[in-house]
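Worksheet: one structure, shown below.
Just so we're clear, the structure is a prediction, and the values are computed from it rather than from any experiment. Side-chain atoms are counted along with the backbone in the values below, which use heavy atoms only and exclude waters and symmetry mates.
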Amino acid sequence: VSLTEKTGALLRQARAFRPDVINLTGYYDPAQLVLLLYARQRGIRVVIQNESTAVDLVRNGPREWLKRRILGLADGFFCLGT
């Protein structure tokens, strides 16, 4: 499925269902980031699910800056792992 198709499907479902809260399964997927922005514009609360791996232990300044900006848009989090 293309990014355009996935994004369109997510937005159609959000419009049809009209949720109070959306749980995103991460911030790695551009389609979910579009859904995050859509939700914020419409006052829909957003919870982001996240987990870490050994690869995540390597910190990168620009990447950390971007993650802080994205996570700062969330109303809550589900954090998995240790």
Side-chain angles (χ1 to χ4, degrees):
V1 176
S2 73
L3 175 59
T4 302
E5 291 171 321
K6 183 191 282 187
T7 303
L10 287 172
L11 293 175
R12 277 191 302 280
Q13 290 299 315
R15 286 186 195 112
F17 186 66
R18 298 177 50 212
D20 296 319
V21 178
I22 293 176
N23 177 42
L24 299 181
T25 58
Y27 51 84
Y28 58 89
D29 180 4
Q32 290 193 46
L33 295 178
V34 171
L35 183 58
L36 168 63
L37 295 175
Y38 170 85
R40 297 308 303 171
Q41 290 175 347
R42 282 151 185 83
I44 301 168
R45 293 187 180 268
V46 176
V47 175
I48 297 178
Q49 181 177 317
N50 191 30
E51 61 185 84
S52 294
T53 66
V55 174
D56 297 323
L57 294 177
V58 177
R59 301 295 181 196
N60 172 308
R63 185 183 311 146
E64 295 304 309
W65 178 88
L66 181 59
K67 285 196 288 191
R68 278 194 303 275
R69 297 301 173 268
I70 293 169
L71 295 175
L73 296 173
D75 296 291
F77 306 93
F78 285 119
C79 298
L80 311 171
T82 57

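The salt bridge (charged side-chain N to carboxylate O under 4.0 Å, His left out) check on R40 picks up D75, with sequence neighbours excluded.
With values rounded to the nearest 0.5 angstrom, I22 atom CD1 is found 9.5 Å from F17 atom CZ. Annotation: the span from L33 atom CG to L24 atom CG amounts to 8.0 Å, rounded to 0.5 Å.
Nearest heavy atom pair, residue P19 against residue A14, reads CD-O, 3.4 Å. The minimum heavy-atom distance linking A31 with T7 is given by the pair CB-OG1, 3.3 Å. Shown here for E5 and R12, the closest heavy-atom pair between the two residues is O-NH2, 4.4 Å.
In this structure, L10 is a member of the same hydrophobic cluster as L37, with clusters built from ILVMFWY side-chain heavy atoms closer than 4.5 Å. Cluster membership check: W65 shares its hydrophobic cluster with I48, using side-chain heavy-atom separations under 4.5 Å among Ile, Leu, Val, Met, Phe, Trp and Tyr. The same ILVMFWY cluster, assembled from side-chain heavy atoms under 4.5 Å apart, contains both L66 and L35. Placement of V47 and L73 in two distinct hydrophobic clusters is found when ILVMFWY residues are connected by side-chain heavy-atom separations under 4.5 Å, directly or transitively.
Within a 6.0 Å radius of CZ in F78, other residues, nucleotides and ligands contribute 12 heavy atoms or fewer. Heavy atoms from other residues, nucleotides or ligands lying under 6.0 Å from CG of N60 number more than 12. In this structure, Q13 places its CD atom where only 12 or fewer heavy-atom neighbours from other residues, nucleotides or ligands lie under 6.0 Å away. Residue R18 qualifies as open at atom CZ: its count of foreign heavy atoms under 6.0 Å is 12 or below. Within 6.0 Å of atom CZ in R42, more than 12 heavy atoms from other residues, nucleotides or ligands are found, so the atom counts as buried in its surroundings.
Two residues are said to be in side-chain contact when any heavy atoms from C-beta on lie closer than 4.5 Å; I44 and V21 fail this criterion. Looking at Q32 and Y27, their side chains never come closer than 4.5 Å, going by heavy atoms from C-beta outward. A heavy-atom distance below 4.5 Å is found between the side chains of L11 and V34. For the pair N23 and Q49, the minimum side-chain heavy-atom distance is below 4.5 Å.
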Test side chain to side chain contact (heavy atoms under 4.5 Å, CB included) applied to F77 and L71, step by step: CA-CA 9 Å; F77 306 93; L71 295 175; 3.7 Å; yes

